[in-house]
2 protein chains.
Amino acid sequence: MSKKISESAVRRLSLYLRTLEELDRAGHEAVSSEQLAARSATTAAQVRKDLSVFGSFGKRGFGYTVEELGRALRGILGLTQPWRVALIGAGRIGSALFEYTGFARRGFQIVAVFDSDPAKIGRKWGDSIIHDVAKLERVVSDKDIQIAILAVPVEAVQGVMDQASRAGVRGVLNFAPVRLKVPEGVTVKDVNLVIDLESLTFALSQGF
Amino acid sequence: MSKKISESAVRRLSLYLRTLEELDRAGHEAVSSEQLAARSATTAAQVRKDLSVFGSFGKRGFGYTVEELGRALRGILGLTQPWRVALIGAGRIGSALFEYTGFARRGFQIVAVFDSDPAKIGRKWGDSIIHDVAKLERVVSDKDIQIAILAVPVEAVQGVMDQASRAGVRGVLNFAPVRLKVPEGVTVKDVNLVIDLESLTFALSQGF
DNA sequence: CACAGCTTGTGAAAACCTTCACAATACTAG
DNA sequence: CTAGTATTGTGAAGGTTTTCACAAGCTGTG
């Protein structure tokens with residue numbers, strides 16, 4: 001569909017949205033590409049180019065309306081609807097993610113939690129009960145869940161992924177350090193802090 | 001110092017290293033750029049180009065020695081020495097990170113933990129005592145810590161960052177959703193799961 | 001040793017991404 | 001209404017990254 005746009009451009013759009021929300025909270029009504037760039041660690045030309053792919057949201061001589069551009073970006077990023085998310089894995093990472101309020105604030109609702117540990121299954125987290133991961137497919141279909149967060153051990157993750165895609169999950173945030181095999185139409189984003197740390201140590205080592 | 005290399009190339013190097021370690025565990029002694037690429041989700045040409053920036057590690061007609069290339073990559077990524085890391089923030093994220101064994105396995109040693117909550121200060125986590133964040137500068141200098149992981153609330157993070165850089169920290173992994181201001185010579189990597197999720201929903205929305 | 005079969009390392013080409021620079025246009029003041 | 005100032009949207013230029021394609025070189029076999 002539509003134009004091609006790079007992964008990094010999309011990530012910048014998300015960043016612009018965060019900046020716009022900060023500006024909104026601070027009472028600003030308008031913003032120029034210059035200001036938006038400064039607060040988002042990029043350049044004015046980059047901001048305008050990124051936006052121009054999707055349309056024309058500003059007024060010459062004036063800039064952008066904070067409120068209006070925010071709405072446009074939410075539309076572009078697919079944030080007008082809330083997303084129903086399954087959290088799979090109720091260990092340390094799962095628990096940290098469940099508690100994190102930043103997801104809900106952006107419309108990501110964790111509507112089901114799963115684990116395979118009998119000691120955890122049936123326990124309550126907030127309003128949710130921890131389900132047996134064996135029931136993944138049923139619950140995910142029933143609750144019409146679109147996104148899964150995989151916070152399970154690396155040995156288990158491909159199996160869980162297979163179940164999730166059979167149940168109709170179309171997007172996945174994967175914390176396990178392995179490249180998942182997924183059917184056509186399923187999108188995976190990997191989170192790997194070791195890679196982040198190693199790109200850091202690379203930079204530090206280059207210093208000498 | 002040497003050549004310029006892109007952030008994404010460095011991240012690929014880290015990925016190759018992970019793949020090599022898997023191959024090593026599986027008993028492979030040699031690997032071609034073709035095989036390495038297939039297991040790291042890239043192309044053979046890309047693998048060879050990435051490596052060629054740093055030297056020539058393979059043998060024509062044969063490929064790369066798993067063991068040898070692994071050693072070379074650890075050298076390039078700065079992983080021959082263990083790194084001393086401070087974990088700042090003993091909340092949900094901090095706790096998940098502390099428990100995560102993947103860091104230690106790669107030579108990242110969490111040698112000090114900090115928090116500002118009087119209820120947490122003085123408590124023991126494993127062998128570590130949670131220090132008052134007010135003592136950050138002293139402890140970080142004393143223990144010769146080079147890297148800090150910032151898992152504190154967004155309001156507090158710039159202050160903590162300032163202390164950390166005064167104490168001599170040169171690399172930072174930042175979990176707070178804000179662009180940190182740092183002195184020359186300090187490198188920051190941001191981790192922001194909301195951006196990951198939003199680049200996911202962008203992809204999902206494009207599907208229709 | 002010569003030859004066949006692989007696989008690397010690397011210039012050159014292609015693709016992709018960012019920056020530049022300016023015409024078009026909106027707002028404000030007089 | 002006009003002049004002056006500000007800021008967008010966008011082709012074109014410049015830069016970076018990825019892919020291509022092939023000569024060079026290693027290994028094993030007869």
Side-chain angles (χ1 to χ4, degrees), chain A residues 2-16 19-20 23 28-73 76 195 199 202-203 206, chain B residues 2-16 19-20 23 28-73 76 195 199 202-203 206:
Chain A
S2 72
K3 304 274 183 40
K4 250 198 322 211
I5 182 168
S6 67
E7 172 73 15
S8 37
V10 174
R11 299 181 75 89
R12 284 195 300 270
L13 293 179
S14 175
L15 217 66
Y16 302 155
T19 302
L20 286 167
L23 288 167
H28 291 69
E29 308 219 316
V31 65
S32 68
S33 57
E34 192 74 57
Q35 296 167 311
L36 195 47
R39 288 167 159 272
S40 310
T42 182
T43 65
Q46 183 75 82
V47 169
R48 296 200 300 273
K49 204 46 148 188
D50 287 340
L51 296 176
S52 77
V53 174
F54 299 98
S56 149
F57 306 105
K59 276 199 275 216
R60 288 163 202 244
F62 172 82
Y64 304 88
T65 307
V66 170
E67 154 80 37
E68 210 172 289
L69 183 58
R71 207 169 332 114
L73 284 177
I76 293 164
I195 291 183
S199 80
F202 173 80
Q206 292 302 95
Chain B
S2 75
K3 303 273 182 40
K4 248 198 325 208
I5 182 167
S6 67
E7 171 73 15
S8 36
V10 174
R11 299 179 75 88
R12 282 194 302 268
L13 293 179
S14 174
L15 217 67
Y16 302 155
T19 302
L20 287 168
L23 288 167
H28 291 69
E29 308 220 316
V31 65
S32 68
S33 57
E34 193 74 56
Q35 296 167 311
L36 196 46
R39 289 168 159 270
S40 310
T42 181
T43 66
Q46 183 76 82
V47 168
R48 295 200 301 271
K49 204 43 146 192
D50 287 341
L51 296 176
S52 76
V53 175
F54 298 99
S56 152
F57 306 104
K59 277 202 273 223
R60 289 164 201 241
F62 173 82
Y64 304 87
T65 306
V66 169
E67 154 81 38
E68 209 173 290
L69 184 57
R71 205 166 338 111
L73 284 178
I76 293 165
I195 291 183
S199 78
F202 173 80
Q206 293 303 94

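All values reported here derive from a predicted model rather than from experimental measurement. Naming convention: chains lettered A, B, ... in sequence-line order (proteins, then strands); numbering from 1 in each chain.
- The shortest side-chain heavy-atom distance between A/Ile76 and A/Val53 does not fall under the 4.5 Å cut-off.
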Pairs under 3.5 angstrom, nitrogen or oxygen only, protein versus nucleotides 25-30 of chain C, please.
residue	atom	partner	partner atom	Å
C/dA26	O4'	A/Arg60	O	3.1

Exercise for the section: Report the C-alpha separation of A/Val31 and A/Thr19 in whole Å, then their side-chain angles, then the decisive distance to 0.1 Å, and conclude whether the side-chain contact (heavy atoms from CB on, under 4.5 Å) test is met. Expected result: CA-CA 10 Å; A/Val31 65; A/Thr19 302; over 6 Å; no
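- Atom-to-atom, CD of B/Gln35 to C1' of C/dC6 comes out at 12 Å; the value is rounded to the nearest Å.
- Pairs of residues two or more places apart, or lying in two chains, never qualify as salt bridge (charged side-chain N to carboxylate O under 4.0 Å, His left out) while including a residue from residues 33-48 of chain A.
- The distance between atom CZ of B/Phe54 and atom P of C/dT8, rounded to the nearest whole Å, is 18 Å.
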Exercise for the section: List the protein contact pattern of nucleotides 11-20 of chain D with one symbol per nucleotide (5' to 3'): B for base contact, S for sugar-phosphate-only contact, - for none; contact means a heavy-atom distance under 4.0 Å. Expected result: BB---SSSBB
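- A straight line from OH of B/Tyr64 to P of D/dC26 spans 14 Å, rounded to a whole angstrom.
- Within the structure, side chain to side chain donor-acceptor pair (under 3.5 Å) contacts touching residues 55-68 of chain A (residues at least two apart or in different chains) are A/Glu67-A/Arg71.
- Between A/Ser32 and A/Gln35 the shortest side-chain heavy-atom distance falls below 4.5 Å.
- Nucleotide C/dT19 holds its C1' atom 13 Å from the CD atom of A/Glu34, rounded to whole Å.
- For B/Gln46, the side-chain contact (heavy atoms from CB on, under 4.5 Å) test picks out B/Arg12, B/Tyr16, B/Thr42, B/Thr43, B/Asp50, with sequence neighbours left out.
- Taking a 6.0 Å sphere around CD of B/Glu7, one finds it holds more than 12 heavy atoms contributed by other residues, nucleotides or ligands.
- For A/Ser33 and D/dT8, the shortest distance from a side-chain N or O to OP1 or OP2 is below 4.0 Å.
- Atom CG of A/Leu20 and atom CG of A/Leu36 lie 5.0 Å apart (nearest 0.5 Å).
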